[in-house]
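From a predicted model like this one, the values you see are computed outputs, not experimental measurements. Just the heavy atoms: all of them, side chains too, but no hydrogens, waters or symmetry mates, feed the values below.
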Amino acid sequence: QVHLVESGGGLVQAGGSLRLSCATSGRTRFPYTMAWFRQAPGMERTFVAAISGAGSTAYYEDAMEGRFTISGDNARNTADLQMNSLKPEDTAVYFCAAGKFGAGSRMYIMQPKNYDYWGQGTQVTVSS
């Protein structure tokens, strides 16, 4: 069984930075595509960023590109999310996800339903 554990959430003022980390435990036989999603209260879970298991290609939701950077270690199936210039609208629970695929179209990678494992989530709160 594969488990994902997120860390690094917290409270930050607008314009500040946070770094989220996702660690994988359990037996993983090949590089997964690792992703971050977020969910605000009363809203659907939406895509933030992903890094493919094959080739480490990074994908971003348009609103995050330039502010957020995803990095990862394919050998250990980990993924970090550096978030800069945070805004109050970035407030949400952030979830790490792992998909048993190495690559895919941008549309495929952005869909939560395509991921096999999920972490419990970590709260990010940005005050104005």
Side-chain angles (χ1 to χ4, degrees):
Q1 185 68 19
V2 174
H3 296 280
L4 305 180
V5 178
E6 304 100 336
S7 61
L11 173 64
V12 65
Q13 288 187 332
S17 299
L18 282 174
R19 187 176 183 89
L20 306 182
S21 295
C22 177
T24 301
S25 64
R27 187 173 183 178
T28 58
R29 292 177 290 174
F30 44 83
Y32 293 166
T33 289
M34 303 295 293
W36 287 93
F37 291 79
R38 70 186 187 185
Q39 188 167 18
M43 306 293 286
E44 292 185 352
R45 193 169 296 188
T46 59
F47 175 76
V48 175
I51 186 163
S52 66
S56 297
T57 301
Y59 301 83
Y60 298 95
E61 171 60 46
D62 290 346
M64 287 73 165
E65 191 149 18
R67 298 192 298 126
F68 292 7
T69 302
I70 189 169
S71 58
D73 184 331
N74 282 351
R76 296 185 296 126
N77 284 313
T78 62
D80 291 347
L81 184 69
Q82 178 67 40
M83 304 185 294
N84 299 327
S85 302
L86 283 162
K87 305 175 182 179
E89 51 263 44
D90 293 319
T91 295
V93 177
Y94 284 69
F95 295 89
C96 178
K100 292 189 288 186
F101 55 93
S105 68
R106 176 182 170 85
M107 184 63 68
Y108 186 87
I109 285 174
M110 292 177 66
Q111 296 299 316
K113 66 181 180 180
N114 295 324
Y115 289 82
D116 301 281
Y117 305 106
W118 291 85
Q120 293 297 309
T122 185
Q123 176 70 45
V124 171
T125 303
V126 184
S127 63
S128 57

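- Contact between Thr91 and Val126 at its shortest, heavy atoms only, is OG1-N, 2.9 Å.
- Gln82 and Asp80 are not linked by any side-chain donor-acceptor pair at a separation below 3.5 angstrom, with hydrogens and angles left out of the test.
- Ile70 is not listed as a side-chain neighbour of Met34, based on a closest heavy-atom distance of 4.5 Å or more.
- Applying the salt bridge (charged side-chain N to carboxylate O under 4.0 Å, His left out) test to Asp116 and every residue at least two apart in sequence or in another chain returns nothing.
- The aromatic rings of Tyr94 and Phe68 lie tilted to each other, with the angle between the two planes from 30° to 60°.
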>> Please evaluate residues Glu61 and Thr46 with respect to the criterion side-chain contact (heavy atoms from CB on, under 4.5 Å), reporting the C-alpha separation (whole Å), side-chain torsions for both, the decisive distance (0.1 Å), and the verdict.
In response: CA-CA 9 Å; Glu61 171 60 46; Thr46 59; over 6 Å; no
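- For CD of Gln111, the number of neighbouring non-hydrogen atoms (other residues, nucleotides, ligands) closer than 6.0 Å is greater than 12.
- The local environment of CZ in Arg106 is crowded, with over 12 non-hydrogen atoms from other residues, nucleotides or ligands closer than 6.0 Å.
- A heavy-atom distance below 4.5 Å is not found between the side chains of Arg67 and Tyr60.
- Partner Tyr115 forms a ring pair (Phe, Tyr, Trp, His ring centres under 6.0 Å) with one of Phe101, Trp36, Phe95 and no other, that one being Phe101.
- Taking the six-membered ring where the residue is Trp, the centroids of Phe47 and Tyr59 are separated by 6.0 Å or more.
- Ring geometry for Tyr117 versus Tyr32: interplanar angle under 30°, hence parallel rather than tilted (30 to 60°).
- Under the disulfide bond (SG atoms under 2.5 Å apart) criterion, the residue pairs touching residues 95-128 are Cys22-Cys96, with sequence neighbours excluded.
- Residues Ser17 and Asn84 come closest through the heavy atom pair OG-OD1, 2.9 Å.
- With contacts defined as side-chain heavy-atom distances shorter than 4.5 Å, the pair Asn74/Phe30 does not qualify.
- The one candidate from Val2, Thr24, Thr33 that meets the side-chain contact (heavy atoms from CB on, under 4.5 Å) condition with Asn77 is Thr24.
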